[in-house]
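Bear in mind the structure is a predicted one, so any value in this text is a computation, not a measurement. A, B, ... follow the sequence lines: proteins, then strands. Residue 1 opens every chain.
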Amino acid sequence: MRMSHLVGRTMREDPRDATCPSHRFLIRGGYARQVSAGIFSLLPLGKRVVAKIEAIVRQEMDALGAQEVLMPVVLPAELWEESGRYQNVGPELLRFRDRNDKNMLLAMTHEEAVVHLARTEINSYKQLPATLYQIQTKYRDEARPRAGLIRVREFTMKDAYSFHASWECLDEFYEKAREAYIRIFERVGLDNCLCIESDPGMMGGDVAHEFIAVADCGEDVVFVSPDASYKANREVAMAAWKYEKSDPLPLEKVPTPGKQSIEEVAGFLGVGPENTGKAVFYTDSDGNLVFAMIRGDFDVNESKLRKILGVAELAYADDEAIKAAGAEPGFASPMGLDPEKVKIVVDNSIAGSSNLVVGANEKDFHYKNFNLDRDLPDVETVDIALVRDGDPCPLTGAPLKALRGIEVGNIFKLGVKYSEPMNCRFLDSNGKSHPMIMGCYGLGVGRAMAAVVEQSHDEWGPIWPLSIAPFHVHICALDPAKTGVRETADQVYEALTAEGVETIYDDRGAKAGAMFSDADLVGAPLRIIISPKTLADGEVELKKRGEKEGERIPLDALIYVVKTRLNGASDPRK
RNA sequence: CGGGAUGUAGCGCAGUCUGGUUAGCGCGUUUGACUGGGGGUCAAAAGGUCGGAGGUUCGAAUCCUCUCAUCCCGACCA
């Protein structure tokens with residue numbers, strides 16, 4: 001590619017709203033342009049990177065025996081009514097009507113569509129297992145897109161769906177898929193990508209993993225033990241908290257006028273937040289009131305609570321609902337509440353602590369010296385606490401470290417969540433009908449590109465791994481009007497291209513500094529600098545992206561050296 | 001959905017508080033010259049519904065009302 005004809009100009013200054021490196025460089029380098037909030041066009045450079053990621057994904061999926069298909073982005077609502085998601089999913093599902101007033105939607109994922117295929121094409125155990133995948137646009141009407149290409153509304157995703165006659169078969173395939181994902185992320189150059197257990201959430205099923213590319217601008221928080229033996233995302237993370245109990249003191253009602261929050265109450269009574277009990281009220285999807293109690297220095301992990309209660313959604317309860325159950329907002333206590341009206345869930349931290357300050361269910365009063373086993377006996381406690389940075393690892397006891405990361409992939413054991421309601425069944429060898437056991441496997445292609453930039457860049461631009469670099473070699477012809485420079489550069493470009501080396505050639509005759517800066521933004525692993533200075537000795541310079549000094553190579557050995565470098569090092573960054 | 005901020009040339013910004021001729025600057029773009037190793041110098045040029053609508057006024061980028069868009073923090077999130 002001659003740079004003089006490449007569409008997609010580079011920019012010297014950061015776009016105003018770019019906050020993280022991938023956003024800055026992908027815009028400045030001419031990889032992508034924003035069209036609307038969370039909606040981007042890819043320019044040739046970006047399209048090349050994405051195509052390479054897709055090629056790697058295809059290879060690994062094909063190696064798993066998965067078969068590529070293509071399903072529509074626009075789907076009829078009735079298909080989603082079958083699974084129940086048309087009602088269950090919130091406004092992030094974009095719904096609209098076609099000209100015949102029929103309810104339609106933009107697919108945010110394709111379980112329904114793939115089940116529609118599978119239930120007509122697959123009927124017998126003899127056809128199982130089977131895996132279908134596609135690389136297709138998804139749309140999620142995110143409330144707030146952010147961080148450039150990391151959280152967007154329209155995006156390209158590889159999604160695969162496996163169908164099995166037995167759970168054992170799913171388990172076996174799931175593990176293979178998990179390993180394939182690890183290989184994919186290695187190959188695209190995400191050096192720091194964690195595969196961790198995650199909360200299946202609304203997806204259903206009980207096993208799920210997500211792949212988190214560690215990066216400061218990521219939105220997900222994961223906890224990792226120092227020896228990496230334990231890693232889990234914030235929703236499911238546990239810790240080996242230690243508690244100390246002391247002798248129980250008599251319960252004492254004390255006035256706490258206007259002091260409602262933990263901070264206020266603890267400050268007013270001169271104790272630490274760890275000496276208080278926090279009351280958090282939720283309403284579940286069926287309208288039931290839930291009272292979660294946890295020590296004042298912890299926060300409630302809603303994912304854990306949802307799982308324990310077996311409910312899909314929890315929202316903070318309003319004051320009216322709390323009062324209706326006999327509790328006083330801001331001064332609430334589990335003591336004396338009617339278990340018929342409110343479901344009480346108590347965290348282990350409460351059982352492990354003594355003489356806590358809790359509400360008195362009376363405005364402007366709290367109790368001192370609450371002890372669970374004495375004051376609220378026969379309550380089974382559970383873990384509903386959110387892990388904090390530095391909490392002890394459940395395996396080793398060492399302090400857990402909180403890391404931020406970008407979720408670049410997730411895999412789920414779906415089981416029969418979709419096949420059952422949607423009637424996707426097969427006949428076994430005895431002629432009996434069963435719902436197919438399913439797994440699904442998602443991977444964000446554009447996100448992966450952004451994540452690589454997050455993990456591999458310097459102050460000038462991306463440092464692409466060879467595997468997904470838009471070009472492998474970048475030729476800079478310095479001062480091309482001088483004797484032989486343009487001719488030599490043309491010849492080198494033609495020769496490399498003829499050899500199948502993906503080469504971009506800066507033939508614009510720009511200032512050296514401008515060319516170097518643009519070459520840094522393009523981020524090709526190898527750079528050839530052709531200038532009068534070295535050409536006089538029959539040499540050119542060869543330099544790795546990110547290195548300050550290059551080396552001189554005799555012109556007649558150049559093609560050979562470049563090819564050797566590219567073949568020899570799978571990752572020229574190292 | 002709550003809180004905050006911003007919309008002026010392709011990009012980054014000034015001008016708005018305190019209304020007053022043809023709306024500026026830097027980068028980029030085009031033309032020419034000198035240059036030539038991390039965005040050089042000089043000369044010339046093109047490029048604007050000042051986000052939109054309504055209003056106040058002799059006069060609005062500037063004041064008022066409404067509206068749209070984008071970003072940030074939070075809520076939310078297959």
**Prompt:** Can you check whether A:Trp464 and A:Tyr31 have ring centres sitting under 6.0 Å from each other?
**Reply:** yes
**Request:** Would you confirm whether the ring centroid of A:Phe211 sits within less than 6.0 angstrom of the ring centroid of A:Phe185?
**Result:** yes
**Prompt:** Is A:Asp520 side chain donor-acceptor paired with the B:G38 base, going by distance under 3.5 Å alone?
**Reply:** yes
**Prompt:** Side chains of A:Leu45 and A:Phe471: closer than 4.5 Å at any heavy-atom pair?
**Reply:** yes
**Item:** Those residues that, when tested against A:Phe163, pass ring pair (Phe, Tyr, Trp, His ring centres under 6.0 Å) (two or more places apart)
**Value:** none
**Message:** Centroid separation under 6.0 Å, is that true for the rings of A:His110 and A:Tyr161?
**Reply:** no
**Prompt:** Quantified in whole Å, what is the P atom distance between nucleotide B:A61 and nucleotide B:A9?
**Reply:** 15 Å
Please write out each protein N/O paired with an N/O of nucleotides 45-52 of chain B under 3.5 Å, distance rounded to 0.1 Å.
none

**Item:** Electrostatic pair A:Glu82:A:Arg119 at N-O distance under 4.0 angstrom
**Value:** yes
**Request:** Check RNA chain B against residues 29-40 of chain A and give the residues with a non-hydrogen atom under 4.0 Å, in numerical order.
**Result:** A:Gln34, A:Ser36, A:Ala37
So which protein N/O to nucleotides 27-32 of chain B N/O distances come out below 3.5 Å?
| from | atom 1 | to | atom 2 | distance (Å) |
| --- | --- | --- | --- | --- |
| B:C27 | O3' | A:Arg12 | NH1 | 3.1 |
| B:G28 | O2' | A:Arg9 | NH1 | 2.9 |

**Item:** Axial cation check for A:Tyr174 ring with A:Lys413, 6.0 Å and 45° limits
**Value:** yes
Under 3.5 Å, which N/O atoms of the protein pair with N/O atoms of nucleotides 4-6 of chain B?
| from | atom 1 | to | atom 2 | distance (Å) |
| --- | --- | --- | --- | --- |
| B:U6 | O2' | A:Arg16 | NH1 | 2.5 |
| B:U6 | O2' | A:Arg16 | NH2 | 3.3 |

**Message:** Would the base of B:G36 count as contacting A:Lys511 through its side chain, where contact means a donor and an acceptor less than 3.5 Å apart?
**Reply:** no
**Message:** If I take atom CG in residue A:Asp299 and atom P in nucleotide B:A75, what distance separates them, rounded to the nearest angstrom?
**Reply:** 11 Å
**Fill in**
Contacts satisfying ring-ring contact (aromatic ring centres under 6.0 Å, His included) that involve residues 505-538 of chain A (not counting sequence neighbours) are A:Tyr493-A:Tyr505
